Number of protein chains: 2
Amino acid sequence: MAQFPSLPPRRPVSIKEVALRANVAVGTVSNVLNHPERVAPAKRDAVLRVIEELGFVRNDAARQLRAGSSRTIGLIVLDAGNPFFTDLARAAEDEAARQGNLVMLGNSGHDAAREARYIDAFEEQRVLGLLLSPVGDPNERLEVLRARGVTTVLVDRLEDADRYSSVAVDDVAGGYLAVRHLLEQGRRRIAFIGGPASIRQVADRRRGAEAAVAECSGASLEVVEQDALTVLQGRAAGDQLSGRSRRLMPDGIFCANDLLALGVLQALAMLRSLRVPDDLALVGYDDIGFAASAVVPLSSIRQPTELMGRTAIELLNEELASPGSRRQVIFPPELVVRGSSATDLDRAPETDGLLTGRK
Amino acid sequence: MAQFPSLPPRRPVSIKEVALRANVAVGTVSNVLNHPERVAPAKRDAVLRVIEELGFVRNDAARQLRAGSSRTIGLIVLDAGNPFFTDLARAAEDEAARQGNLVMLGNSGHDAAREARYIDAFEEQRVLGLLLSPVGDPNERLEVLRARGVTTVLVDRLEDADRYSSVAVDDVAGGYLAVRHLLEQGRRRIAFIGGPASIRQVADRRRGAEAAVAECSGASLEVVEQDALTVLQGRAAGDQLSGRSRRLMPDGIFCANDLLALGVLQALAMLRSLRVPDDLALVGYDDIGFAASAVVPLSSIRQPTELMGRTAIELLNEELASPGSRRQVIFPPELVVRGSSATDLDRAPETDGLLTGRK
DNA sequence: GTCTGCTGCTGAAACGATTCAACCGCGGTG
DNA sequence: CACCGCGGTTGAATCGTTTCAGCAGCAGAC
């Protein structure tokens with residue numbers, strides 16, 4: 001531990017000192033910062049020079065105190081490690097930056113207490129608004145916030161009533177899209193491998209799969225339920241399937257998430273007799289980074305995360321502009337076709353226009 | 001878009017209104033909030049009741065303005081999607097929370113402009129201090145911050161001079177640890193598969209590998225250089241190796257990162273003739289989530305991310321307490337042995353005490 | 001009854017930026 | 001010459017909290 005000659009711990013420079021040094025009134029310095037066009041060029045440059053010289057940095061607390069609200073938007077995510085949220089956060093940051101606002105990220109990590117701490121902190125900071133991907137059922141908490149005038153937009157959560165603005169993604173459409181694609185590739189014996197049905201996303205994706213199968217005569221859907229959405233569970237499911245006779249083997253598999261699909265792929269890679277995609281086509285969900293670089297590149301369903309982030313900020317702005325306005329936006333997911341499901345990649349559709357009607 | 005009867009946009013309740021309603025002075029309300037022990041229990045409860053009743057939330061801007069600094073610590077990371085940083089962030093948050101402080105996360109995404117925006121914002125907010133994992137060479141920027149009195153701790157970056165407090169991990173030790181383990185398993189023909197040597201981490205890991213081989217007579221090290229640290233590059237390296245005759249094939253491979261190792265594993269899984277770990281032992285680096293659930297669970301080097309996060313906060317506190325004090329902390333990484341390198345998992349050492357001397 | 005000490009409470013000052021009514025100076029108009 | 005208009009500038013008031021010197025009231029000591 002090195003002890004340096006402690007440089008004088010200079011207090012930050014205030015606007016008053018700048019004014020003094022530049023021989024102008026404090027109001028003029030403030031104008032230079034906030035309404036440069038009101039200040040004569042010569043004086044403006046002089047003030048800017050002094051600001052530079054003294055290393056003045058505006059005290060945001062004082063600005064905020066006077067202005068009544070900040071330029072900060074709070075974003076609380078369930079899992080900062082999940083690419084879905086980081087992509088969304090980045091898009092939200094960009095969109096907010098375009099209006100001169102700033103996004104601060106809080107990570108609740110599925111922990112309600114942690115979430116509460118961030119909500120309180122953001123409220124004390126009088127944030128412009130809150131983007132919240134809530135832990136569990138947020139109703140009471142949200143009502144309190146609402147009552148205190150904190151504008152909140154829900155992210156990745158569908159609310160029954162239209163009491164909050166929200167952005168979410170249509171998982172039913174995603175399941176439909178995946179299975180429709182398998183059917184279009186000529187597959188008829190479809191299997192759905194999913195995690196616990198208690199997870200809404202899983203249930204929705206399955207419903208979408210069922211809908212697609214119902215539209216196609218001669219197609220059947222088998223449901224394989226696993227305990228969790230992990231690679232290991234996927235491998236278990238794959239091992240179980242690979243013991244079957246050729247006759248009972250599905251020729252198309254849709255997994256509720258990419259981890260499951262990668263596990264299935266691992267299990268099947270052990271088998272020489274079965275080839276992907278020729279004998280068995282496979283589609284995952286989420287389009288995680290690993291999907292593209294699997295042994296056989298994995299087809300998957302991608303969520304429009306960037307769009308969701310931008311839209312969340314938009315909805316917040318709308319509600320700030322006209323308090324009381326609410327809007328729910330549900331996005332259709334997108335199919336990404338790769339080697340695990342396309343016998344002929346050239347013909348593979350990039351996006352599926354047919355889905356628009358369901359939106 | 002539903003338009004609700006706009007509830008009166010009530011201004012937030014101030015401490016003055018609370019005082020009025022509770023028949024006390026503003027100073028007393030402030031004391032209830034900050035020094036409850038100074039207030040008589042009866043009065044304290046009365047004030048708390050009114051606070052609850054009116055839904056009072058302290059205005060942090062005003063507190064901060066008066067107090068001169070906030071209770072917020074800024075953390076700027078290079079990549080919020082990287083588990084290394086999210087784990088570190090979470091540990092930092094926990095440690096900060098123990099002292100009543102709060103960590104706000106900014107994601108620079110390797111973008112210097114973005115980083116600058118966050119630095120400015122945090123400085124305007126007069127944060128307690130900054131934990132920074134800088135983009136590129138930060139020297140000029142840091143000097144400016146230092147001059148303005150913003151206490152900064154560097155994360156995951158070694159500075160030559162001891163001009164800043166910092167936490168980092170010893171990549172040389174990591175490389176040494178990995179290869180020593182391979183040698184202990186009886187392997188002698190070692191290969192190092194690494195990304196561009198321009199990345200410091202890669203170069204350090206390689207140097208560690210060289211040091212371990214040098215200590216063991218009869219051992220040799222072959223270096224395979226790839227363009228990037230990706231699964232695809234790993235697969236390319238694996239394909240290249242698998243064309244070799246048995247004689248020239250390494251029996252132990254150390255990859256500069258887990259992605260490369262997974263790629264190698266993919267390439268070798270195609271080959272029936274070569275088995276992992278019997279014919280070829282494999283060790284990766286970073287211990288990402290996928291390492292444990294690979295076809296053959298991957299041995300890897302784990303960085304003590306939680307410890308680094310906690311320590312970063314500690315260093316910040318130290319420097320705040322006695323300005324001018326600096327400390328650099330370098331952590332030794334940890335070896336995690338899994339199926340890809342252990343012929344006998346029971347004998348596998350969990351941590352390697354031998355390393356302590358190098359620290 | 002006076003003095004001392006102590007607890008608990010009060011109320012005004014201070015923090016630093018923004019805002020806004022007032023003011024200044026100057027050129028143009030009638 | 002008086003007046004107007006106007007761009008540019010001023011400085012006091014304001015935001016909501018914390019801090020702190022000072023005061024009231026009370027108990028105990030003498």
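In what follows, chains are A, B, ... by sequence order, proteins preceding strands, each numbered from 1. Keep in mind the model is a prediction, meaning the values are calculated, not measured.
Protein atom CD of B:E37 is 12 Å distant from nucleotide atom P of C:dC9, rounded to whole Å. To the nearest angstrom, C1' of C:dG16 lies 12 Å from CG of A:L33. Straight-line distance from the CZ atom of B:R44 to the P atom of C:dG8: 10 Å, rounded to whole Å. For A:R71 and C:dT18, the CZ to P distance is 11 Å, given to the nearest whole Å. In this structure, CZ of A:R126 is placed 18 Å from C1' of C:dA17, rounded to the nearest angstrom.
Remark: B:Q125 pairs with no residue by the side chain to side chain donor-acceptor pair (under 3.5 Å) rule, at least two apart or across chains. Contacts of A:R117 classified as side chain to side chain donor-acceptor pair (under 3.5 Å), with partners at least two apart in sequence or in another chain: none. With sequence neighbours excluded, the residues forming a side-chain contact (heavy atoms from CB on, under 4.5 Å) with A:T311 are A:V167, A:L307, A:L315, A:V329, A:F331, listed by chain and number. Every residue meeting the side-chain contact (heavy atoms from CB on, under 4.5 Å) condition with B:T28, not counting sequence neighbours, appears here in chain and number order: B:V24, B:A25, B:V39. Taking B:L20 as the reference, nothing meets the side-chain contact (heavy atoms from CB on, under 4.5 Å) condition, with sequence neighbours excluded. In this structure, the side-chain contact (heavy atoms from CB on, under 4.5 Å) partners of B:V144, at least two apart in sequence or on a different chain, are B:R148.
Counting only N and O atoms by type, the side chains of B:E319 and B:T151 include no donor and acceptor under 3.5 Å apart.
Looking at which nucleotide of DNA chain D each of B:A67 and A:V39 is closest to, the 5′-most match is held by A:V39.
OP1 or OP2 of C:dT18 lies within a sub-4.0 Å distance of a side-chain N or O belonging to A:S30. A sub-4.0 Å separation between OP1 or OP2 of C:dT10 and a side-chain N or O of B:T28 is present.
Contacts between residues 15-23 of chain B and DNA chain D, defined by a heavy-atom separation under 4.0 Å, are made by B:I15. Of the residues in residues 57-65 of chain A, those with a non-hydrogen atom less than 4.0 angstrom from any atom of DNA chain C are A:R58, A:N59, A:A62, A:R63, A:L65.
Checked against C:dC9, C:dT18, C:dA14, the side chain of A:N34 finds its nearest nucleotide in C:dT18.
Screening residues 45-55 of chain A for salt bridge (Lys or Arg N to Asp or Glu O under 4.0 Å) gives A:R21-A:E53 as the qualifying pairs, with residues at least two apart or on separate chains. Counting only residues at least two apart or on different chains, the side chain to side chain donor-acceptor pair (under 3.5 Å) pairs with a member in residues 96-108 of chain B are B:R71-B:N101, B:E95-B:R98, B:Q99-B:N317.
The outermost nucleotides of DNA chain D lying under 4.0 Å from heavy atoms of chain B, listed 5' to 3', are D:dG16 to D:dT19.
Comparing the local axis fitted to the first five base pairs of the helix from C:dG1-D:dC30 to C:dG30-D:dC1 with the one fitted to its last five gives a bend of 70°, rounded to 10°.
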